There are 2 protein chains.
Amino acid sequence: MAATLHDVARVAGVSFKTVSNVINNHPHVRDTTRSKVEKAIAELGYRPNLTARSLRSGQTGAITLALPQLSLPYFAELADAVIEAAAKHGLVVLIEQTGADRKRELEVMASPRLKMSDGLIFSPLALGQEDADLIKADVPIVLLGERIFGSSSDHVTMQNVTAARAATEHLLDLGRKRIAVVGAHEGEVIGSAGLRLRGYREALESRGIPYDDGLVAYVVDWHRSNGAAAMHDLLDRGATFDAVFGLNDTLAQGAVRVLQEAGFRVPDDVAVIGFDDLDETRYTLPTLSTVDPGRTEIAETAIRMLMERIKEPNGMPPREIETAFQVVARESTGASDQA
Amino acid sequence: MAATLHDVARVAGVSFKTVSNVINNHPHVRDTTRSKVEKAIAELGYRPNLTARSLRSGQTGAITLALPQLSLPYFAELADAVIEAAAKHGLVVLIEQTGADRKRELEVMASPRLKMSDGLIFSPLALGQEDADLIKADVPIVLLGERIFGSSSDHVTMQNVTAARAATEHLLDLGRKRIAVVGAHEGEVIGSAGLRLRGYREALESRGIPYDDGLVAYVVDWHRSNGAAAMHDLLDRGATFDAVFGLNDTLAQGAVRVLQEAGFRVPDDVAVIGFDDLDETRYTLPTLSTVDPGRTEIAETAIRMLMERIKEPNGMPPREIETAFQVVARESTGASDQA
DNA sequence: TGCGGGCGATGCAACGTTGTAAAATATTCG
DNA sequence: CGAATATTTTACAACGTTGCATCGCCCGCA
């Protein structure tokens with residue numbers, strides 16, 4: 001059995017409370033006492049029981065990160081960033097996978113499990129704007145992503161519209177005129193797909209190019225296979241284009257694959273840009289131009305907001321923060337190799 | 001403040017222990033009492049405090065998964081599998097990233113944090129065989145991977161040697177004779193690289209083909225860029241080969257990229273096989289042949305062993321389990337598209 | 001000499017839960 | 001109807017920690 005404060009106290013010949021005082025370095029402990037206690041701690045290999053400390057203090061030192069699935073590269077990289085950001089503040093991260101399932105997304109917020117952590121960073125994929133009122137739990141929440149705005153929780157999001165517009169303008173700046181879109185969601189207005197499509201349209205508009213729905217390929221999911229299928233779809237229906245905006249990197253990769261199979265050269269015949277700046281976009285052939293949505297900043301901002309909210313749950317009204325983005329030009333839009 | 005057993009008891013007009021009995025559905029609770037209590041629970045929205053329960057029971061319902069980094073796709077998919085396997089048993093997963101740093105790998109096992117979970121699934125990348133004795137903690141450990149054998153902990157590993165041999169034989173069966181290896185580690189004997197290289201050599205030997213060190217490219221890390229660099233290295237030194245065994249998928253992808261840039265057709269000029277069966281290998285051009293190391297089985301076995309060990313810490317001597325693998329033939333070794 | 005004040009150490013209670021044992025109540029049977 | 005027994009409820013302690021209040025001591029100062 002592990003040693004407790006009492007065991008240490010017995011060995012050191014002091015009261016267990018004094019041991020506690022040493023551990024929490026209270027000011028009024030004599031040096032001789034302190035070293036006696038420290039010796040006993042070392043001798044017994046005492047480690048504080050964090051569960052007991054949690055019960056007493058009401059804080060666990062952990063946060064929950066709820067996301068759809070780690071095998072989706074975007075979320076894996078997001079999780080990486082969140083864990084690193086949390087570690088900087090001494091917090092540990094518990095991960096819940098929702099599988100983009102509405103029921104599980106709601107369960108995460110309702111589960112008593114959640115109270116084993118001090119707060120929740122939540123990236124929903126099934127819940128949408130109409131569920132804004134359901135975003136609540138026994139712990140503070142920071143919401144990530146573009147699916148829900150104006151909930152009562154803090155919210156960190158990337159600048160989808162502006163960034164998508166910049167990505168499209170990057171293609172336009174290359175002289176491309178007919179830009180296909182891969183990965184739109186039928187009828188979506190907010191949500192990553194809807195917002196990025198809006199950015200695309202704004203860019204066209206600003207250059208006086210009419211929007212052509214024939215250049216937009218719709219999908220249900222944002223997996224690699226969907227990007228491939230969408231590109232097949234475009235080619236099958238005889239669409240002609242000299243550039244492609246993949247609404248995320250995996251879609252763009254799927255599209256590139258199909259383009260190459262079909263004999264198109266990227267970027268010569270068709271320039272392609274994605275979105276997310278996944279690590280792997282640096283190593284595809286050609287390397288994939290993309291938009292860096294500021295993942296590290298998203299993670300750090302989310303952690304910071306969550307910690308503030310944990311400290312003062314009602315300190316301020318819900319905040320909504322947009323992070324800085326950057327267009328990253330690589331080979332797929334004609335930039336020279338930079339891998 | 002959240003409601004406690006006492007609050008519920010007050011509302012229901014019973015003792016708080018009776019409420020506890022209802023929650024843990026003890027046999028001897030009268031139906032009328034039970035419903036009275038349930039009504040009060042619903043009315044107050046009572047949720048049990050899991051921290052207090054943990055303190056009392058000594059179990060947390062969480063496990064820790066320590067791995068190098070989630071942004072490495074292999075570990076992201078491993079984490080996904082572990083979380084799903086854990087969820088099936090009602091366990092939640094806390095993730096620690098070690099960054100393949102020796103110091104942090106040791107810290108994970110020493111940290112009092114670890115005791116906020118019931119056990120550790122540990123996939124080291126810095127610690128090696130010589131550290132077998134350092135694999136110990138206050139909770140049961142299940143070790144993953146190929147770096148450390150014969151420690152005092154349970155261990156789940158893939159069949160590296162046999163699987164690598166099968167992968168090499170797959171290339172030999174295609175009639176390829178000169179098979180390059182991308183990703184060897186200088187001087188390594190055990191560890192994924194060493195074991196897989198051994199499987200490669202065994203395959204050659206069994207067909208009477210001499211081992212040629214000129215066909216082996218060494219790397220330090222297993223990132224995509226290393227695979228690319230290694231292939232550059234092979235080409236630069238004038239190596240000739242008709243097949244490549246990438247010791248993992250990301251290395252193979254990097255190698256494929258360089259091969260294609262250099263004008264080689266894959267698989268016609270050079271057949272390529274990887275290792276790990278990452279999801280993304282299904283969507284590259286060409287799709288990548290690989291070895292499925294049985295990730296789901298690894299995860300489920302690890303969870304099962306850990307739970308057994310948690311239930312009975314000294315129930316049995318350390319076990320070492322190897323999971324089943326499967327060679328997956330895709331386009332990069334001439335199989336027809338199956339994406 | 002007496003007293004206030006700072007220091008150092010301690011004791012007690014509490015965080016919210018569950019196990020054990022005992023008490024209270026209901027049921028059965030002679 | 002009373003005793004024996006079965007059922008239901010309760011009281012108390014404990015898990016290991018920290019906050020609060022207390023207590024004794026030594027010192028300096030009047």
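This structure is a prediction, so every number in the text was calculated from the model and none was measured.
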Checklist entry - Which whole-number value in Å describes the distance from Arg53(B) CZ to dG19(C) C1'? => result 14 Å
Checklist entry - Is it true that Glu96(B) and Arg113(B) have a side-chain N and a carboxylate O under 4.0 angstrom from each other? => result no
Item to check | Between P of dT17(D) and CD1 of Ile41(A), the distance in whole Å | outcome: 10 Å
Item to check | dT10(D) OP1/OP2 closer than 4.0 Å to side-chain N/O of Thr18(B) | outcome: yes
Next on the checklist: I want to verify a distance call: between dT17(D), dT10(C), dC7(C), whose nearest atom is closest to the Asn21(A) side chain?
Outcome noted: dT10(C)
Checklist entry - Under 4.0 angstrom, heavy atoms only, what part of the nucleic acid is Pro27(B) near: base, sugar-phosphate, or nothing? => result nothing
Checklist outcome for this item: Side-chain contact check for Phe16(B): nearest option of dG16(D), dT9(D), dA13(D) is dA13(D)
Next on the checklist: On DNA chain C, compare the nucleotides closest to Pro48(B) and Thr33(A); which residue's is nearer the 5' end?
Outcome noted: Thr33(A)
Checklist outcome for this item: Result for side chain to side chain contact (heavy atoms under 4.5 Å, CB included) between Arg309(B) and one of Asn314(B), Val139(B), Asp154(B) points to Asp154(B)
Item to check | Spacing of Gln59(A) atom CD relative to dC15(C) atom C1', expressed in whole Å | outcome: 13 Å
Checklist entry - Does Ser15(B) place a side-chain N or O at less than 4.0 Å from the phosphate oxygens OP1/OP2 of dT10(D)? => result yes
Checklist entry - Would you say Ser20(A) reaches dT17(D)'s phosphate, i.e. side-chain N/O to OP1/OP2 under 4.0 Å? => result no
Checklist entry - Does Arg30(B) or Arg56(B) map to a spot on DNA chain C nearer the 5' end, using the closest nucleotide for each? => result Arg56(B)
Checklist outcome for this item: Taken to the nearest 0.5 Å, the spacing of Leu72(A) CG from Asp279(B) CG works out to 8.0 Å
Checklist entry - Between the axis at one end of the helix from dT1(C)-dA30(D) to dG30(C)-dC1(D) and the axis at the other (five pairs apiece), what's the angle to 10 degrees? => result 60°
Checklist entry - His28(B) NE2 to dT9(D) C1': how many Å, rounded? => result 11 Å
Checklist outcome for this item: For Arg304(A), the side chain to side chain donor-acceptor pair (under 3.5 Å) test, sequence neighbours excluded, returns Glu308(A)
Item to check | Residue met sooner reading DNA chain D from 5', once Leu55(B) and Ile23(A) are mapped to nucleotides | outcome: Leu55(B)
Checklist entry - Roughly, in whole Å, what's the span from NZ in Lys17(B) to P in dA13(D)? => result 15 Å
Item to check | Spacing between Arg34(B) atom CZ and dT7(D) atom C1', to the nearest angstrom | outcome: 14 Å
Checklist entry - So, Arg102(B) and Asp131(B), do they make that salt bridge, N to O below 4.0 Å? => result yes
Item to check | Salt-bridge criterion met for Glu84(A) and Arg104(B) (N-O under 4.0 Å) | outcome: yes
Checklist entry - Can you find a pair of side-chain heavy atoms, one from Glu146(A) and one from Ile190(A), that are under 4.5 Å apart? => result no
Item to check | Among dT10(C), dA9(C), dG19(C), the one nearest His26(B) by side-chain distance | outcome: dG19(C)
Item to check | Rounded distance (Å) that lies between atom C1' of dC12(C) and atom CG of Leu5(A) | outcome: 15 Å
Checklist entry - Within this structure, what is the CG-to-C1' distance between Asn49(B) and dT18(C), rounded to whole angstrom? => result 13 Å
